[in-house]
Amino acid sequence: MEKTYNPKEFEDRLYKDWEQSGYFKAVRDDEKVPFTVMMPPPNVTGQLHMGHAVDETMQDTIIRFKRMQGYCALWLPGTDHAAIATEVKVAQDLEKRGISKDDLSRGEFLGYCWEWKNKYGERIVNQLKKLGSSCDWSRLAFTMDEKCSKAVREAFVNLYNKGLIYRGSRLINWCPGCRTAISDAEVEYAEESSYLWHIKYFLEGSDSEGLVVATTRPETMFGDTAVAVNPADPRYKKFIGKNVVLPIINKPIPVVGDKHADMTFGTGCVKITPAHDPNDFEVGLRHNLESVTVMNEDGTMNAFAGKYEGMDRYACRKAVVDELKALGNLMEIKPHAHNVGHCYRCNTAVEPRISKQWFVKMDSLAKPAISAVNDKKITFVPERFAKIYYNWMDNVKDWCISRQLWWGHRIPVWYCPDCGAEICVKDDPAVCPECGGKHLKQDEDVLDTWFSSALWPFSTLGYPDDTSDLEYFYPTDVLVTGYDIIFFWVARMIFSGLEHMRKVPFRDVLIHGLVRDEQGRKMSKSLGNGVDPLEVIEKYGADSLRFSLLQGVAPGNDMRYSDAKVEACRNFMNKIWNASRYVIMNCEGRKIKPVTEVKLTSADKWIISRLQAVIRDVTLSLNKFELGIACQLLYDFTWSDFCDWYIELTKSALHSDDADKKDNAVSVLLFVLENTLRLLHPFVPFITDEIYRSLPNTKGSIMVADYPRYNSKLAYRKEAVAFGGVMEIIKAIREVKVETGCAPSKKVSVYMLSDAKRLISANADCIAKLAGAAYVKCISAKEEAEEKSVAKVTSVGTLYIPLGELVDAEKERERLNNELDRIMNEIRRADGKLNNQGFIAKAPKQLVEAERAKLNTFVEMREKIMEQLKNL
RNA sequence: GGAGGUAUAGCUCAGUUGGUUAGAGCGUUUGCUUGACAUGCAAAAGGUCAUUGGUUCGAGCCCAACUAUCUCCACCA
């Protein structure tokens with residue numbers, strides 16, 4: 001083995017080997033319990049970022065853990081077509097190549113999309129492999145592949161036939177620059193300083209009385225079909241039901257009473273333009289108002305604007321204001337700051353526009369989806385995210401599922417121009433089933449991306465067919481994803497699963513946070529602060545990246561990425577590497593025995609007991625999805641307990657001439673190391689397998705080894721606690737050396753006055769080795785120690801170290817007094833607790849006992865220290 | 001406007017049914033080529049756990065209020 005850990009040497013090689021071995025494949029096995037994870041399909045818009053790396057690492061860790069535990073573990077990978085995002089990317093890419101989307105037919109454009117998908121889909125798969133993802137590649141899915149498309153058709157037609165899908169008019173966001181509808185998520189709001197124009201609309205038949213409306217958009221007045229006032233507003237109550245006259249075009253419109261009008265804002269009167277404002281649209285529906293669209297698709301005014309027809313909306317605004325001023329209708333202009341939506345792509349101000357769209361009725365779907373979480377059929381981890389889910393589900397509106405795009409699942413509805421029929425069927429119809437007409441035209445729109453991703457947990461397993469896989473692997477077990485898509489995706493999977501499968505899609509939803517940059521900012525393209533996981537892997541190795549993304553992270557919390565963290569993890573990998581190197585080197589020519597046949601030293605019993613505790617705690621943590629805690633447990637055990645203590649403790653045996661002792665030591669070392677590697681494998685798969693394969697007592701890959709199980713027979717509680725005393729002595733000797741300025745290289749003599757003579761004698765060699773002593777000798781009276789000794793009191797006895805000239809009575813007194821202060825504090829604290837009647841009466845007995853024992857030890861130590869002080 | 005998060009060592013963060021002397025990494029100080037590892041070892045400094053109350057025998061943890069900060073949703077005629 002090389003002296004330093006070099007992941008590049010083995011990561012790719014091991015991954016190929018895993019793939020060839022078929023370990024990733026999940027085949028139904030009725031002897032085993034299934035455990036299923038569906039990978040949230042990354043968009044094929046580009047490449048994976050750090051957020052994906054966290055998501056995939058968590059899933060891989062869980063699936064590897066379950067696989068080792070003997071479950072039939074399926075992790076199903078895939079990618080998402082990401083309708084609008086991809087379409088925009090492809091169009092941009094074509095533009096760079098000098099091709100305009102406008103010059104292409106639908107079919108031609110889709111050809112380019114598939115080209116794009118193949119390229120980036122493959123790139124994503126390669127990145128997933130670099131991370132070590134153990135997913136079943138034979139099942140790799142894509143939201144637009146045949147399987148998923150069939151599921152989409154089925155789901156759509158079923159909902160349609162149930163009357164849960166309908167077509168209706170709605171106000172949508174329209175980008176006059178791109179001349180396309182864009183979704184709410186693609187609108188970016190920015191504050192703009194503008195004006196609030198107060199315009200007087202005269203009462204019909206009056207040239208003095210009227211209502212003053214306040215508006216930020218005077219140019220839309222041609223589309224006004226009412227003026228609204230609050231029905232509770234005493235100022236305007238009397239106007240409700242009367243008509244006012246629109247200036248310029250002199251059109252009478254009614255005054256309606258509607259709660260939308262805020263009495264405290266502006267003048268309290270608001271003009272209602274249902275075709276150009278979402279709120280006004282709602283008001284229009286409530287009062288049966290006409291909608292008048294006054295603009296063309298490109299943002300210029302249309303014929304309803306009369307003489308302004310053809311003028312740009314902003315030029316028109318200015319002109320209208322001027323004219324109103326001239327007419328005497330403009331009462332006031334107030335500066336006003338407000339948010340204006342802009343197209344995320346071309347930054348043009350978005351224009352609300354009425355259009356016909358397809359919707360899913362949400363009422364009947366939402367109810368069971370809410371109950372499923374309420375009834376704990378689905379659990380969010382951490383629990384608080386259930387609130388976010390409820391918050392959205394409780395207020396959910398009908399879901400607009402049509403998009404004016406080309407890339408996506410085309411809506412399976414055909415229109416017959418001959419008889420006017422609307423046909424929704426699973427298979428493309430050749431003729432109109434109503435009239436036999438042959439001129440059927442399919443709806444031009446495609447479905448919202450989330451419509452297909454909502455079916456992901458079952459479309460990938462064969463739905464709508466009744467497959468054996470679907471029966472075995474569905475419902476899936478845990479869904480791992482970021483909190484940012486709880487409502488976009490998680491919620492939709494839940495109601496879709498319940499609707500189409502009659503079963504929840506997963507039992508647990510494990511939510512993680514965002515990865516931010518070192519300054520805590522969101523990683524984004526525009527800031528250019530994104531970190532490419534591949535570059536990190538190249539520099540530090542996949543295991544280091546994986547460990548750094550899991551360690552020290554609480555579920556659901558955001559985390560910051562920093563090179564320093566990955567570097568620290570790389571150092572940990574190096575530690576594992578070198579500890580293993582040490583163990584393997586020492587195995588040479590030794591007889592390896594099962595630990596049950598080894599005569600165990602107290603150090604052996606201590607480390608084996610610690611190992612059992614770690615096995616128990618790591619397994620518990622993993623079952624609760626507390627990956628960060630599990631990592632910390634393993635980190636501390638491996639570095640501190642195993643490397644810093646146990647390996648050092650074995651050195652005196654390994655450097656001795658006693659072959660039997662050496663065999664024993666190596667056997668225990670190997671046992672602990674091998675278990676540790678198996679514990680670590682789900683987190684850091686590469687390094688653990690690489691080492692595992694070179695251990696003398698293993699064969700095959702660690703991937704398919706059993707996950708360690710807690711064994712109470714190997715938990716030597718008493719001995720492990722007693723061994724703590726040995727460690728305390730070692731630390732005490734080291735402290736004395738530092739405190740007295742004794743050269744670390746000087747081998748001191750140590751005399752122990754203690755009741756635990758057997759323990760100390762048995763470990764005298766180890767203590768000497770680790771503390772840098774010549775020897776450790778037990779004595780029965782302090783007089784047996786040499787004069788001019790420094791004394792140190794521990795909970796297992798007093799130790800004396802003769803240091804001759806280095807002993808400075810003054811310094812010694814100070815040191816002992818400091819020590820005494822500390823002990824006195826402890827005594828006061830424990831005393832206070834034990835004198836508290838409430839504590840004695842109500843605290844658990846064990847705790848009270850422990851406190852008593854502690855107090856006794858401290859009191860003993862105090863006596864000894866005071867005696868030392870007297871002797872000085 | 002609505003919902004939610006966070007506040008613990010100089011920095012980044014753990015701390016999950018409330019119970020040892022509140023931990024880790026990085027950084028800092030001191031000393032070490034200690035036959036696996038300087039990507040290392042040893043020793044140490046550094047915290048009134050944002051603030052104020054409350055519940056409890058006992059609070060970093062539970063409750064209330066307050067301050068700061070971040071995020072999401074809705075949206076401002």
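Residue numbers start from 1 in every chain, and the chains themselves are labelled A, B, ... in the order their sequence lines are given, proteins ahead of strands.
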Going by salt bridge (Lys or Arg N to Asp or Glu O under 4.0 Å), name the residues that satisfy it together with A/Asp641, two or more places apart in sequence or in a different chain. A/Arg610
Scan the side chains in residues 837-848 of chain A for donor-acceptor partners under 3.5 Å anywhere in the protein, sequence neighbours excluded, and list what turns up.
none

I'd like a list of close polar pairs between nucleotides 47-49 of chain B and the protein, N/O only, cut-off under 3.5 Å.
none

Tell me, please, which residues at least two apart from A/Asn574 pass side-chain contact (heavy atoms from CB on, under 4.5 Å). A/Thr4, A/Tyr5, A/Asn578
Set of side-chain contact (heavy atoms from CB on, under 4.5 Å) partners for A/Lys3, sequence neighbours left out: A/Arg581
For RNA chain B, which residues of residues 642-650 of chain A approach it to below 4.0 angstrom with any heavy atom? A/Cys643, A/Asp644, A/Ile647, A/Glu648
With the criterion being N/O to N/O and under 3.5 Å, what pairs connect the protein with nucleotides 54-58 of chain B, and how long is each?
unit_1, atom_1, unit_2, atom_2, d
B/C57, OP1, A/Lys842, NZ, 2.1
B/C57, O2', A/Asn836, OD1, 3.3
B/C57, O2', A/Asn836, ND2, 2.4

What does the list of N/O pairs under 3.5 Å between the protein and nucleotides 65-67 of chain B look like, with a distance for each?
none

Calculate, to the nearest 0.5 Å, the distance between atoms CG and CD1 belonging to A/Leu677 and A/Ile576 respectively. 7.5 Å
Pairs satisfying ring pair (Phe, Tyr, Trp, His ring centres under 6.0 Å), at least one member in residues 548-574 of chain A, at least two apart: A/Phe547-A/Phe572, A/Phe572-A/Tyr635
Might you list the N or O atoms of the protein lying below 3.5 Å from N or O atoms in nucleotides 6-16 of chain B, with each pair's distance?
unit_1, atom_1, unit_2, atom_2, d
B/U12, O3', A/Arg560, NE, 3.4
B/U12, O2', A/Lys565, NZ, 2.8
B/C13, OP1, A/Arg560, NE, 2.8
B/C13, O2', A/Gly552, O, 2.6
B/A14, OP1, A/Asn557, ND2, 3.3
B/A14, O5', A/Gly552, O, 3.3
B/U16, O2, A/Glu626, OE2, 2.7
B/U16, N3, A/Glu626, OE2, 2.5

In dot-bracket form, 5' to 3', how is RNA chain B paired? Count Watson-Crick and G-U wobble pairs only if both distances fall under 3.5 Å, and write | where the partner sits on another strand. (((((((..((((.....[...)))).(((((.......)))))......((((..]....)))).)))))))....
Validation: residues 268-278 of chain A side-chain donor-acceptor distances under 3.5 Å, sequence neighbours left out:
unit_1, atom_1, unit_2, atom_2, d
A/Lys271, NZ, A/Thr220, OG1, 2.8
A/Lys271, NZ, A/Asp224, OD1, 2.8
A/Lys271, NZ, A/Thr273, OG1, 3.1
A/Thr273, OG1, A/Asp224, OD1, 2.7
A/His276, ND1, A/Glu351, OE2, 3.4
A/His276, NE2, A/Val294, N, 3.0
A/Asp277, OD1, A/Asn279, N, 2.8
A/Asp277, OD1, A/Asp280, N, 3.0

